[in-house]
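Step one of this worksheet: look at the structure below.
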2 protein chains.
Amino acid sequence: MSIGLDQIMTAAIRHLNGDPTASMAQLAGAVGVSRATLHRHFSSREELMLALGHRALDRWQQAQEAAGVTPAAGSGDPDRIGAALTALLTHLVEVTDEYGFALTDHALAVHPDLARRSDELEEREIALYSAAQRAGLIRADLPARWVSGTVFGLCVAVREGLRRGDVARREAPRLVRESFWHGAAPRETT
Amino acid sequence: MSIGLDQIMTAAIRHLNGDPTASMAQLAGAVGVSRATLHRHFSSREELMLALGHRALDRWQQAQEAAGVTPAAGSGDPDRIGAALTALLTHLVEVTDEYGFALTDHALAVHPDLARRSDELEEREIALYSAAQRAGLIRADLPARWVSGTVFGLCVAVREGLRRGDVARREAPRLVRESFWHGAAPRETT
DNA sequence: ATCGTCTGAGACGAATTTGTCTCAAACGAT
DNA sequence: ATCGTTTGAGACAAATTCGTCTCAGACGAT
């Protein structure tokens, strides 16, 4: 069996998180495999990036499913929607930690298949934010699409913070949650 | 005089905002100039990118100065600090609109000079956020450095929103302001 | 021990990009 | 009209990356 696809992809992603422009040779080295072997698994660089992109989207999708995004949005139940939102944010932080480079990599955003899937996943989240607005959990004076954008922005912020060591991994979920819900203004202390 | 450096850089940045991996030939075409002429002004690609990076940082610095970031932080006056924060957010949105690609471009982040300047500018903003915390304008249970990160994240969100047409240009400042200060939770209606 | 499979090392050509160079044409100022 | 400057077009070599290929060695199963 030698080496598994998963190990290759995992190591490649880890390396790409640090250097998004790494060549196939660099990636092979980082994986601990010869360039020839890397090409035996992924016949071209684009194929590798496509696979990595799909993997990142898989994880994103799993995060949504684990949080019960779509069922919660359809239920209209404020409690379920609130729970789904909280769970989603936590899961998204984890995905960001693993697949951070995918957030801003241009090559991925350009690929039609990935873009389509990404849009699809985003729409599901927007549906959740819309449902949350109807349930009174999220303010209605911000477009749900923009709310989705702020979550994306917070993920980028987490990625940067983790990369530079400014943010402790165990603190990240709380920071995102607090910033997402309440921003930077002081809480109204009762 | 023929063509000015400013025009070249402006056109190059505009094009790089859409395609961050554009080659010198593509940039020359976008500028409306031959590749030879582009090389007469910037002897290498790295030199061009360095100049563009410095230009983006210039604009960022101008935004800070126009908002009076450092003086406000030093004054300790809550009113001045609050005004500086509001002004800063507005100016940052403008800079993001013009130099969005610089937010996430890897080549720029890697350059030592640019990284140093960027860190310096960020520290000034963090000083403002710290001062705002001491003045009670920003909650103290979030690290000032993280608050700076959220602003960065909101800028990335604005860039994406503008690029995809999800966010109207004139709406952007309000969205950023609201999200930064109060997040997505419904405002406590009095 | 042998066979089949997988791997690493490396050579190879193709394609792209970069930086340099030359030369002819266009342009403006005098 | 002429001179000096600037430009565009294109040729050129060098470097990098990519994808393919070959070949020898390592490995496990039988």
Side-chain angles (χ1 to χ4, degrees), chain A residues 1-56 101-102 104-115, chain B residues 1-56 101-102 104-115:
Chain A
M1 258 309 294
S2 63
I3 221 165
L5 268 184
D6 284 358
Q7 305 168 40
I8 291 183
M9 292 173 70
T10 299
I13 284 175
R14 193 185 314 277
H15 193 260
L16 283 171
N17 276 332
D19 178 12
T21 67
S23 68
M24 290 292 270
Q26 289 173 303
L27 289 177
V31 173
V33 127
S34 79
R35 201 162 67 93
T37 298
L38 184 55
H39 262 98
R40 285 185 187 105
H41 290 283
F42 302 95
S43 63
S44 74
R45 184 176 214 279
E46 187 180 346
E47 189 177 317
L48 170 60
M49 298 303 286
L50 181 62
L52 297 184
H54 274 299
R55 198 191 184 91
F101 92 97
T104 53
D105 191 285
H106 187 69
L108 297 183
V110 156
H111 196 100
D113 291 0
L114 297 176
Chain B
M1 254 317 287
S2 65
I3 221 164
L5 268 183
D6 283 359
Q7 305 169 40
I8 291 183
M9 293 172 70
T10 299
I13 284 175
R14 192 184 313 277
H15 194 260
L16 283 171
N17 276 331
D19 178 13
T21 67
S23 68
M24 290 292 271
Q26 288 173 303
L27 290 178
V31 173
V33 128
S34 79
R35 202 162 66 92
T37 299
L38 184 56
H39 262 98
R40 285 183 187 108
H41 291 283
F42 302 96
S43 62
S44 75
R45 185 177 214 279
E46 187 180 347
E47 188 178 316
L48 170 60
M49 297 303 286
L50 182 62
L52 297 184
H54 274 299
R55 197 191 189 111
F101 91 98
T104 53
D105 190 286
H106 187 68
L108 297 184
V110 156
H111 196 100
D113 291 359
L114 297 176

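As the structure is a computational prediction, the values presented were derived from the model and not from experiment. Numbered from 1 within each chain, the chains take letters A, B, ... in sequence-line order.
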> Which atom names give the shortest non-hydrogen contact between A11(A) and A30(A), and what distance separates them?
Replying inline: CB-O, 4.4 Å
> Does T37(A) use its side chain to pair, donor to acceptor, with the backbone of V33(A) at less than 3.5 Å?
Replying inline: no
>> If I take atom CD in residue E47(A) and atom C1' in nucleotide dT20(D), what distance separates them, rounded to the nearest angstrom?
In response: 15 Å
>> Nearest whole Å is fine: how far is dT17(C) P from L38(B) CG?
In response: 15 Å
>> Measure CD1/I8(B) against C1'/dT6(D) and give the value in whole Å, please.
In response: 12 Å
> In whole Å, what is the span from the CE atom of M49(B) to the P atom of dT17(C)?
Replying inline: 15 Å
>> In this structure, how many angstroms lie between the C1' atom of dG8(C) and the NE2 atom of H39(A), rounded?
In response: 15 Å
> Atom CD of E46(A) and atom P of dA15(C): how far apart are they, to the nearest Å?
Replying inline: 17 Å
> dG19(C) base to R40(B) side chain: any donor-acceptor pair below 3.5 Å?
Replying inline: no
> For R45(B) and dT18(C), what is the distance between atoms CZ and P respectively, to the nearest whole Å?
Replying inline: 5 Å
> A36(A) has a side chain; which of dT20(D), dT7(D), dG10(C) sits nearest to it?
Replying inline: dG10(C)
> Would one find more than 12 heavy atoms of other residues, nucleotides or ligands at under 6.0 Å from atom CD of E47(B)?
Replying inline: yes
> Would F42(B) and L5(B) count as a side chain to side chain contact (heavy atoms under 4.5 Å, CB included) if you check the C-alpha gap in whole Å, the side-chain angles of each, and the deciding distance to 0.1 Å?
Replying inline: CA-CA 9 Å; F42(B) 302 96; L5(B) 268 183; 3.6 Å; yes
>> Quick check on contacts: within residues 16-34 of chain B, what sits under 4.0 Å from DNA chain C by heavy-atom distance?
In response: S23(B), M24(B)
> When only distance counts, do a donor and an acceptor, one from the side chain of R35(A) and one from the base of dG10(C), lie under 3.5 Å apart?
Replying inline: no
>> Give me the atom names and distance for the closest heavy-atom approach of G18(B) to H106(A).
In response: O-CE1, 3.8 Å
> Where do T10(B) and R55(B) land on the side chain to side chain contact (heavy atoms under 4.5 Å, CB included) test, with the steps shown first?
Replying inline: CA-CA 10 Å; T10(B) 299; R55(B) 197 191 189 111; 4.1 Å; yes
